[in-house]
Structure formats: C-alpha cells, structure tokens
> 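Sharing a structure, written as structure tokens. Questions coming.
Fair warning: this is a prediction, and the values are worked out from it, not measured in the lab.
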Amino acid sequence: MSHIALNSGHKMPTVGMGLWKIPKSVCADQVYEAIKQGYRLLDGACDYANEKETGQGIRRAISEGLVTREDLFITSKLWCTYHAKEHVKPALQKTLGDLQLEYLDLYLVHFPIALKFVPFEERYPPEWSHQPGGPVIPANVPFRDTWEGMEALADDGLVKSIGISNMPGALIYDLLTYARIRPAVHQIEVHPYLIRKQLVDLAHTEGIAVTAYSSFGDTSYHEINMVPTDRSLVHLLKHGVINDIAHRLGKSPAQVLLRWAVQRGCAVIPKSSNPKRLKENLDLFSFELEDADMREIGKLDKNLKFNDPAVYAKRAIWAS
Ligand code: NAD
C-alpha cells in the first residue's frame with residue numbers, strides 16, 4: 001500500500017474508501033468487505049450517519065484477525081454545529097463511542113462554517129438545518145476557537161492528526177498565522193471538471209497533504225439531484241478523453257481518474273459497494289499516465305463544484 005507522509009509524523013494510505021451515502025443497513029458489511037479487500041483507510045464523518053455501523057464492520061475485521069487497529073487509518077469529521085471550543089471534544093467522543101475506537105488517525109473540520117449548536121439528544125447527526133427543512137442558522141464562532149479545540153484533541157492523544165476540509169485558500173493562510181499544530185491534511189473536491197491547481201499547490205507548498213474527494217465528478221451527485229441541469233455536461237466516467245486513455249492503457253475510466261489525482265500527489269477515497277470496483281479502485285500503482293495524458297485531462301477543467309454549500313445550504317455564510 002502506497003502512503004503519503006503527513007507533517008504530523010504519521011503516514012496516510014494514498015487510497016481509501018469513502019463512506020458518504022452508504023446506508024446503515026449495509027455499512028458494516030461494506031466496511032468489513034473493504035478491509036478484507038485490502039483497504040486500510042476509511043473516510044467517515046458524523047454527518048454520514050453510519051458511524052455505529054462503520055464501527056461494527058471494523059470490530060468484525062479486527063476480531064476475525066484480518067487486521068489490527070494499528071493497521072487501519074480511520075478518518076472522521078467534526079460537524080459544523082460543534083465548532084465552539086467546548087463542543088469539539090464531546091463531538092469527537094461521540095464519534096469515538098459510535099466507532100468503538102480509542103483514537104482516530106485523522107479528524108477533519110468538515111466545513112469552515114460554524115452553525116448553531118444542536119444537542120446530541122435533540123438531533124444526531126444534526127445536518128445543515130437546525131430543524132429538518134428549516135433555515136441554516138450560523139453561529140458566531142471564529143475558526144480559531146475551533147482549531148484550538150482540535151489542537152487540544154491532538155494534545156490529548158485522542159487523534160493522531162488534525163486537518164481541514166473545504167477551506168478556501170485565504171482562510172488557510174489565516175489559519176497558518178495562529179495554528180500551533182498545522183493542519184496535516186486538506187480534503188477537497190477535486191476531479192477533472194474542478195482541477196483546483198492553486199489550492200492543491202498552496203497545500204503542498206505549505207506541507208499539507210491533499211485528499212481529493214468525488215474523484216468521479218458528477219457521478220456521486222446525480223442520485224441526490226446536485227448536478228446543475230443548466231449545463232450540458234458529459235458524464236465524467238463516459239468522457240471521450242478519459243475513455244481513450246483508459247482503452248489505451250487497458251484500465252477502467254475510474255482508474256484513470258483516480259490515477260490522475262494520485263499522480264498530482266493527492267490521496268483518493270472513492271466510494272463503492274461493488275466488490276469488482278472496490279478492487280479496481282485500489283489498483284492504481286501498476287500503471288502511469290504520460291505527461292501528455294495529464295495535460296489532456298487538465299484541459300477538461302470547468303471550475304465546476306458539485307458539493308457547494310452556497311448552493312444547497314443557501315443561507316450558510318460561505319464564500320468559496
Ligand atoms: P465518488 O467520486 O467516490 O463516486 C462514487 C460513485 O462512483 C458511486 O456511485 C459509485 O457507484 C461509483 N463508482 C465507484 N467506483 C467506480 C468504478 N470503479 N467504476 C464506475 N463507477 C464507480 O464519490 P463521493 O462519495 O462523492 O466521494 C468519495 C468520498 O469522499 C465520500 O464517500 C466521502 O468519504 C468523501 N467526501 C467528503 C466530502 C467533504 O466535504 N469532505 C464531500 C464529499 C465526499
């Protein structure tokens with residue numbers, strides 16, 4: 001398994017499995033199956049509403065001797081309603097309890113957007129709106145408070161590394177002025193329709209590893225009606241440029257998209273419930289894209305973000 005060295009001194013597998021939108025009913029089995037297939041990084045979040053089931057899958061894999069806890073790299077994310085410093089640790093403890101784990105390998109701030117606190121017993125996970133379908137209510141919590149809460153978790157040994165997600169460059173520069181512990185990872189949407197050269201370069205220049213999510217672009221967003229209908233868009237997995245390269249290399253279009261991200265120095269966390277796809281998504285190191293292929297794929301950029309709270313959480317305070 002290939003790894004990326006983190007500025008925290010730990011190392012993160014280059015390929016993992018994403019857990020967003022995996023239904024509770026199948027999550028434990030899929031986590032177990034992924035570990036059995038060789039996945040060591042699992043990318044979860046409180047917001048994915050499947051941490052208990054993720055924990056059951058991990059527990060089964062460990063108790064059957066497939067892996068030890070130390071073999072795994074488990075990521076979760078702090079939700080927006082828990083940004084106040086006093087809520088950061090209880091949120092992490094809730095996640096750890098659900099996962100049946102003593103520590104996380106990586107804890108990310110899911111979005112740099114602080115929302116009004118929602119107690120666990122009222123609604124968990126709280127999602128974007130305080131009330132289902134209601135408005136998004138911001139909270140007056142400076143990101144610095146949140147980050148100090150995250151640093152305290154690392155100090156306590158509850159998380160090995162801390163990081164950020166969905167953060168614009170200007171906010172990263174601000175964070176770096178006060179961070180006692182620098183973010184180890186920035187997890188962002190990256191695919192050929194959203195290349196984000198400057199944001200990826202900024203992170204790498206500052207020694208922050210980048211995890212690219214939604215590597216298959218629009219693929220993940222059709223089922224939740226988050227693909228803009230006003231643009232005529234070729235499904236990324238069916239794009240001629242990607243398919244021509246895949247055909248020439250004898251690989252799948254999915255592998256070409258993942259390899260493109262990996263070759264830019266990013267980690268990837270594709271989600272799949274299909275055993276054949278799980279296997280192919282892990283097989284990214286038996287081939288390489290030529291410079292000309294990288295350049296051709298680079299020309300597909302449309303600066304098109306599918307996962308944009310400015311669109312789906314309209315009242316979020318957000319400038320991307
Ligand atoms: P993804 O790009 O991994 O796409 C998933 C879709 O692609 C699924 O429909 C799956 O069936 C299909 N697929 C998977 N492998 C395939 C293959 N080999 N061939 C053809 N189709 C294939 O989508 P994603 O779930 O949006 O992103 C991956 C992970 O990133 C998430 O599960 C989550 O862990 C993380 N993520 C994080 C954030 C964040 O805000 N930090 C946001 C979105 C996603």
Side-chain angles (χ1 to χ4, degrees), residues 20 44-49 51 75-98 104 106-156 158-159 161-189 196 199 202-203 206 208 211 213 226 305-320:
W20 184 34
C46 142
D47 189 52
Y48 301 165
E51 292 204 306
T75 302
S76 184
K77 309 185 189 83
L78 177 80
W79 187 242
C80 309
T81 48
Y82 308 125
H83 274 216
K85 206 189 285 186
E86 68 271 23
H87 295 144
V88 174
K89 189 169 181 181
L92 183 263
Q93 284 169 325
K94 170 87 174 110
T95 278
L96 287 176
D98 285 351
L104 288 181
L106 178 64
Y107 199 39
L108 304 174
V109 183
H110 206 146
F111 288 91
I113 300 173
L115 297 181
K116 186 181 172 198
F117 175 64
V118 181
F120 298 145
E121 53 284 6
E122 195 173 318
R123 193 154 176 246
Y124 191 87
E127 305 183 58
W128 283 95
S129 312
H130 192 74
Q131 301 292 337
V136 174
I137 306 175
N140 291 329
V141 181
F143 195 80
R144 184 174 187 157
D145 288 5
T146 311
W147 194 250
E148 286 173 2
M150 297 287 284
E151 290 173 327
L153 302 179
D155 291 341
D156 290 349
L158 293 171
V159 300
S161 302
I162 53 177
I164 51 179
S165 182
N166 300 302
M167 217 184 212
L171 267 185
I172 298 176
Y173 280 127
D174 186 53
L175 165 62
L176 294 179
T177 63
Y178 57 77
R180 181 170 57 77
I181 303 177
R182 289 164 75 90
V185 173
H186 190 197
Q187 186 177 118
I188 47 174
E189 181 180 340
R196 309 191 109 170
L199 199 54
L202 184 167
E206 294 296 336
I208 301 167
T211 299
Y213 74 69
M226 277 166 58
K305 197 195 270 180
F306 297 102
N307 198 329
D308 190 347
V311 175
Y312 59 79
K314 290 193 178 59
R315 286 189 229 177
I317 299 175
W318 175 264
S320 60

> Measuring from atom CD1 of Ile137 to atom NZ of Lys116, what distance do you get when rounded to the nearest 0.5 angstrom?
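Reported value, rounded in 0.5 Å steps: 5.0 Å.
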> I'd like to check the side chain to side chain donor-acceptor pair (under 3.5 Å) partners of Asp156; sequence neighbours left out, ordered by chain and number.
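Only Lys89 meet the side chain to side chain donor-acceptor pair (under 3.5 Å) criterion with Asp156.
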> Given 3.5 Å as the limit, does a donor-acceptor pair link the side chain of Glu189 with the main chain of Asn307, or not?
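Indeed, once roles are kept as given, a pair shorter than 3.5 Å links the two residues.
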> With rounding to the nearest 0.5 Å, note down the distance linking OG in Ser161 to CE in Met150.
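Separation between the atoms: 10.5 Å.
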> Please report the C-alpha distance between Phe306 and Met226 in whole Å, then the side-chain angles of each, then the deciding distance to 0.1 Å, and finally whether the side-chain contact (heavy atoms from CB on, under 4.5 Å) criterion is met.
CA-CA 6 Å; Phe306 297 102; Met226 277 166 58; 5.5 Å; no
> If you look at every heavy atom in Ser76 and Ala45, which pair is closest and at what distance?
OG-CA, 3.6 Å
> What's the spacing between Gln93 CD and Phe120 CZ if we round to 0.5 Å?
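The CZ atom of Phe120 is 8.5 Å from CD of Gln93, to the nearest 0.5 Å.
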> Between Asn166 (side chain) and His110 (backbone), is there a donor-acceptor pair under 3.5 Å?
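Such a contact is found between Asn166 side chain and His110 backbone.
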> Out of Asp174, Ile172, Ile188, which residue meets the side chain to side chain contact (heavy atoms under 4.5 Å, CB included) rule with Met167?
Ile172
> Let me see the working for His186 and Leu199 under side-chain contact (heavy atoms from CB on, under 4.5 Å), right down to the final yes or no.
CA-CA 10 Å; His186 190 197; Leu199 199 54; 4.2 Å; yes
> Name every donor-acceptor pair, under 3.5 Å, that has one atom in a side chain of residues 80-87 and the other anywhere in the protein, sequence neighbours excluded.
{"residue": "His83", "atom": "NE2", "partner": "Phe111", "partner atom": "O", "Å": "3.3"}
{"residue": "Lys85", "atom": "NZ", "partner": "Glu148", "partner atom": "OE1", "Å": "2.7"}

> How far apart are the closest heavy atoms of Phe143 and Pro112, and which atoms are they?
CE1-CA, 4.0 Å
> Can you tell me how far the CD1 atom of Ile162 sits from the OG1 atom of Thr146, to the nearest 0.5 Å?
11.5 Å
> Using a 4.5 Å cut-off on heavy atoms from C-beta on, say whether the side chain of Leu78 contacts that of Leu92.
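No - every pair of side-chain heavy atoms lies 4.5 Å or more apart.
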> Rounded to the nearest 0.5 Å, how far does CG of Leu153 lie from CG of Leu104?
9.0 Å
> Mind listing the closest non-hydrogen atom pair of Cys46 and Trp79 along with its distance?
SG-CB, 3.9 Å
> Kindly say whether Ile181 contributes a backbone atom to a donor-acceptor pair with the side chain of Trp147 at under 3.5 angstrom?
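Yes.
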> Where the side chain of Gln187 meets the backbone of Leu108, is there a donor-acceptor pair that is under 3.5 Å apart?
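Looks like no, no N/O pair under 3.5 Å.
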> Considering only heavy atoms from C-beta outward, does the side chain of Leu158 approach that of Tyr107 to under 4.5 Å?
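Sidechains of Tyr107 and Leu158: no contact.
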> Below 4.5 Å, heavy atoms only, C-beta onward: do Val141 and Phe117 meet side chain to side chain?
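With C-beta onward as the side chain, the pair stays apart.
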